[in-house]
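These notes concern the structure reproduced below.
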Number of protein chains: 2
Amino acid sequence: MKKYMEILRSCPLFDGIGNENLTSMLACLGGRTAFFSKKETVIAEGSEADCIGIVLSGTLQIEMNDYFGNRTILGTASPSELFGEAFACADLKAIPVNVVAVRDSEVLFIEKQRIAHPCSNACDFHRRIIYNLLKIVAEKNLMLQQKAQITAKRTTREKLTAYLLSQAKRNNSHSFDIPFNRQELADFLQVDRSGLSAEISKMKKEGIINCRKNHFELL
Amino acid sequence: MKKYMEILRSCPLFDGIGNENLTSMLACLGGRTAFFSKKETVIAEGSEADCIGIVLSGTLQIEMNDYFGNRTILGTASPSELFGEAFACADLKAIPVNVVAVRDSEVLFIEKQRIAHPCSNACDFHRRIIYNLLKIVAEKNLMLQQKAQITAKRTTREKLTAYLLSQAKRNNSHSFDIPFNRQELADFLQVDRSGLSAEISKMKKEGIINCRKNHFELL
DNA sequence: GAATGTATGTTGAAAATTCAACAAAAAGGA
DNA sequence: TCCTTTTTGTTGAATTTTCAACATACATTC
């Protein structure tokens with residue numbers, strides 16, 4: 001755990017908790033780390049929502065699959081980010097999504113009970129954590145709304161443009177990497193992969209964008 | 001306010017707060033009621049996110065509009081339900097949506113500061129309210145994910161079917177009312193209105209569904 | 001109850017997506 | 001390095017959506 005203290009310090013769940021207190025806080029919260037190889041399932045649809053996850057290394061993807069096998073990517077989780085917190089906080093019986101590791105990843109699981117019920121020591125920080133959690137869940141809400149705004153567009157080009165603009169804004173630059181390959185981007189934008197490839201090519205030819213693999217540039 | 005005590009008692013924000021305590025709690029939280037006529041804007045995009053709203057009567061709709069005027073309906077809020085809580089909890093400067101009254105509505109606004117900062121009296125219940133709020137925001141998260149699952153479908157028929165099935169499940173019946181007219185349903189499902197009407201007609205002819213206005217029946 | 005406005009249904013043409021199949025390029029492993 | 005696998009790009013046909021225009025049904029108001 002020592003080697004991931006830096007990650008945990010920057011985890012929004014522990015905002016406002018001093019370095020000294022973080023260690024005791026972590027001891028109090030318990031938690032177990034787990035390693036997942038690339039493509040391995042971190043949380044399977046239908047499993048119990050009793051834990052909140054924190055990404056320590058690697059990248060996770062939150063996906064939904066209908067029963068025709070069509071995938072929808074809801075989002076990604078990078079080091080120091082949380083996942084599964086909404087299901088835990090909503091007291092859901094069964095988790096309705098799949099979480100998979102896009103690359104080798106390490107994860108810290110904390111039981112929601114440990115967060116919900118204040119402990120005897122360190123209780124001052126406990127309240128802070130609840131507030132942080134509330135903010136995190138609310139912010140994830142906004143991300144989902146932003147995704148809705150993107151996928152609400154009716155054409156592949158409009159969706160792609162809206163997404164790229166949001167990424168450029170987020171990175172404060174016209175040049176940035178996206179966390180998706182082509183198939184994943186298509187599953188995020190909810191469009192056909194081949195159609196997406198075609199649209200990207202067309203926009204390149206028109207001189208609107210430039211890209212190579214997952215690096216994009218708005219011109 | 002007296003006339004709306006029943007509504008407030010069933011508001012999930014006050015879950016676990018006894019009747020006697022609710023009155024003092026409300027006094028402590030402050031808040032102001034406001035009336036909105038049908039079609040009036042309750043919260044305009046860009047305004048400050050310093051309040052949480054509770055619907056006392058009527059129905060509200062949460063919408064987003066891009067700058068071509070295309071509307072996306074994110075959801076509705078009925079009596080005893082909250083709105084705007086995600087923006088307040090995420091400490092957003094500007095609200096990114098419009099909230100409009102679909103019919104004459106009354107609303108109770110509570111400043112987020114009053115909720116975030118514990119008061120001197122009634123503090124036991126204050127903590128309960130924070131937990132309730134966390135659960136509400138998390139549940140709204142799930143609703144957005146469910147909406148994503150519906151709009152992820154590629155054809156109008158698939159979207160409509162997925163939506164109707166979710167409503168049937170929610171109502172525990174094959175026969176139910178939906179909170180949308182045709183245009184609103186189209187804006188929720190993110191499809192063309194005329195195409196939606198055509199699809200509904202076709203499904204009626206095929207004997208799959210039956211409907212009249214906003215009442216639907218799955219056969 | 002007549003008139004006006006709004007909501008819904010219908011249609012056909014244009015545009016866009018999806019689908020399937022394959023080619024080319026890149027990545028990974030032996 | 002060679003071979004295999006995965007990813008990405010390309011294409012054309014079929015399907016579906018969108019768009020515009022109009023007809024009809026329903027509501028509301030005076």
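Every chain is numbered from 1 and lettered A, B, ... according to where its sequence line falls, protein lines coming before strand lines.
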Sub-3.5 Å pairs of nitrogen or oxygen atoms, protein against nucleotides 4-8 of chain C:
{"residue": "C:dT8", "atom": "OP1", "partner": "B:R182", "partner atom": "N", "Å": "3.4"}
{"residue": "C:dT8", "atom": "OP2", "partner": "B:R182", "partner atom": "N", "Å": "3.1"}

With sugar-phosphate meaning primed atoms plus P, OP1 and OP2, does B:S194 contact a base, only sugar-phosphate, or nothing at under 4.0 Å between heavy atoms? base
Here the distance between atom C1' of C:dG9 and atom CG of B:D192, to the nearest Å, is 13 Å
Indicate whether the side chain of A:N171 and that of A:S173 have a donor and an acceptor atom separated by less than 3.5 Å. no
Between D:dT18 (C1') and A:K153 (NZ): distance, integer Å: 16 Å
Under 4.0 Å: is that the gap between some side-chain N or O of A:T156 and OP1 or OP2 of C:dT17? yes
Between A:R154 and A:K205, which has a closest nucleotide on DNA chain D that is more 5'? A:K205
Would you check if there is a donor-acceptor pair between the side chains of B:T155 and B:E158 at a distance under 3.5 Å? yes
Roughly, in whole Å, what's the span from CG in A:L196 to P in D:dT8? 10 Å
Using heavy atoms to find the nearest nucleotide of DNA chain D for B:K38 and B:R157 separately, return the residue whose nucleotide is more 5′. B:R157
Whole Å only: how far is the NE2 atom of A:H215 from the P atom of C:dA26? 17 Å
How many Å lie between CD on B:Q190 and C1' on C:dT17, as a whole number? 16 Å
Closest of D:dT18, D:dT16, C:dT18 to the B:T155 side chain is D:dT16
Using whole Å, report how far CD of A:E199 lies from P of D:dT8. 17 Å
Restricting to non-hydrogen atoms, name the atom on A:C211 and the atom on A:I200 that form the minimum distance, rounded to 0.1 Å. SG-CG2, 3.7 Å
Under a 3.5 Å distance rule, please check whether A:K93 uses its side chain to pair with a backbone N or O of A:A49 as donor and acceptor. no
Please work out which of the three classes, parallel, tilted or perpendicular, describes the rings of A:Y163 and A:F180, given edges at 30° and 60°. tilted
Between D:dC19 atom C1' and A:E158 atom CD, what is the distance in whole Å? 13 Å
Spell out, as yes or no, whether a donor-acceptor pair under 3.5 Å connects the side chain of A:T72 to the backbone of B:A152. no
Which nucleotide in C:dA16, C:dG9, D:dT11 has an atom nearest any side-chain atom of B:K204: C:dG9
Please figure out whether A:V191 or B:G195 has its closest DNA chain C nucleotide nearer the 5' end. B:G195
What is the distance, rounded to the nearest whole Å, between atom CG of B:N214 and atom C1' of D:dA27? 15 Å
Please determine, by modelled atom types, if A:R182 and A:S197 share a side-chain donor-acceptor pair under 3.5 angstrom. no
